[in-house]
Trainee: 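Dropping the structure in here first, questions after.
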Amino acid sequence: MTACARAELQADSTVGWARSLEWRVVQRLPLPAWAVGLLLTGLMLGLYALVELVAGPLDADDVIMIGPFTDSQLGFALSAAVAGYALAAGAAIAAGNTADLDALRLAGALEGLDEPTLRGGRVAGVAGLASGLLFTASIDPPARDLLLLRAWNPDGLLSVLAIAIAFWLATRAAWFTLSQLSAVARAAGAFPAPDPLESERFEPLGRMALRAALLWAGAAALASLSIAITEGSFAELTASAFLIAVAAGAFLIPMRGVHRNLRTAKRAEIARVRQEIRRDREAVAALGPGAAEAAQRLPGLLAFEARLDRAREWPFDAATLRRFGIVLLLPLLSWLGGALVERVVDAVLD
């Protein structure tokens, strides 16, 4: 992300994200958002490697090998990857939406929403931390022993740390994403009655929705790899389902008000045109004084009615809808790919 894009994002209202702790970190580093995400992942992996170097193998008493790695190593690496991805994806969504908000002329309509959204972000962060602790305790015995104060161990501590960071970042990024899209939906839904033949005016909403859906489906695909590591627990399925729900919500939320307005305007215009068609048809049938003019108008009215009937009621086309369907398949494809790779590695090493 360029410095210009960062300045634009800071200047415009992005519903809380521009003033969040995460964005301030991203903004102060001379790196694009994706590189900051990689940096966070790298730092977390470096911490794990350092602790293993000092303390020795962290799960030596109960080793489960998955290819050349232990399940503890892979689990920590996946949590680090999710944390970095959530940080980068949240920034990418907020920055990418800036140009679309300008195209919609909605940036001003979102002013004043930052403070309540930031408060909601803090609540989302606390909920994410609590969910992360429950998630860790349900899938990682060393972490469960640590959280229940049964035994101190570095393996459990690192698991708690990694998953807590990942859940905190992911839930806050999800909150900011959905809050902005909800605000945009409300603002766009408050527009005056739109021209039903100009649904392309709202295409920036489709871009915002597809961008957010793609990035959140990517998060779900990444998180679902844990199912291949542990054979799938209820907690892991729930976490993946949550991310898929965020992706679906990010795609559908911006559409609701605009869809309603476009549909209402289209139906009203069709009703008006059909009334004119009936009037002119009756005039032609009666062969009255205005029959000739009515006969000349009818072809145009019928063509206009057909065009209105074909007009879209959603701010996206069929191609965008197909891409969204493919996007939602990413978590399933990721899980299948992870399971396949695991089998191949086991076959080769055995």
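Here the structure is a predicted model, which is why all the values come from computation and not from measurement.
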Trainee: Side-chain contact test, heavy atoms from C-beta onward, threshold under 4.5 Å: evaluate it for R267 versus R263 and give yes or no.
Mentor: yes
Trainee: So do E305 and E276 actually touch side chain to side chain, heavy atoms under 4.5 Å?
Mentor: no
Trainee: Heavy atoms only: give me the nearest A250-L181 pair and the separation to one decimal.
Mentor: O-CD1, 3.3 Å
Trainee: Report yes or no: do L43 and V26 belong to one cluster of Ile/Leu/Val/Met/Phe/Trp/Tyr joined by side chain heavy-atom distances under 4.5 Å?
Mentor: yes
Trainee: Going by heavy atoms in the side chains, are K266 and I270 under 4.5 Å from each other?
Mentor: yes
Trainee: Given side chains that start at C-beta, do those of V246 and W175 come closer than 4.5 Å, heavy atoms only?
Mentor: no
Trainee: Would you say L161 and L47 make side-chain contact, with heavy atoms under 4.5 Å?
Mentor: yes
Trainee: Side chains of L39 and L29: closer than 4.5 Å at any heavy-atom pair?
Mentor: yes
Trainee: Show the nearest heavy-atom pair for residues A81 and T41, with the distance to one decimal.
Mentor: CA-OG1, 3.7 Å
Trainee: How far does CG of L210 sit from CG of L205, to the nearest 0.5 angstrom?
Mentor: 12.5 Å
Trainee: Could you give the distance from CG (D309) to CZ (R274), rounded to the nearest 0.5 Å?
Mentor: 6.5 Å
Trainee: Taking F135's backbone N and O only, do any of them form a donor-acceptor pair with S138's side chain (distance below 3.5 Å, no angle check)?
Mentor: yes
Trainee: Could you check if a side-chain atom of L169 sits within less than 4.5 angstrom of a side-chain atom of L40, using non-hydrogen atoms only?
Mentor: yes
Trainee: How about R272: does its CZ atom have over 12 heavy atoms from other parts shown lying under 6.0 Å from it?
Mentor: yes
Trainee: Keeping the roles fixed (side chain from Y85, backbone from A170), state whether a donor-acceptor pair exists under 3.5 Å.
Mentor: no
Trainee: Looking only at atom types and distance, does a side-chain atom of R211 sit under 3.5 Å from a main-chain N or O of I93, one as donor and one as acceptor?
Mentor: no
Trainee: What is the distance from atom CG of L38 to atom CG of L87, rounded to the nearest 0.5 Å?
Mentor: 10.5 Å
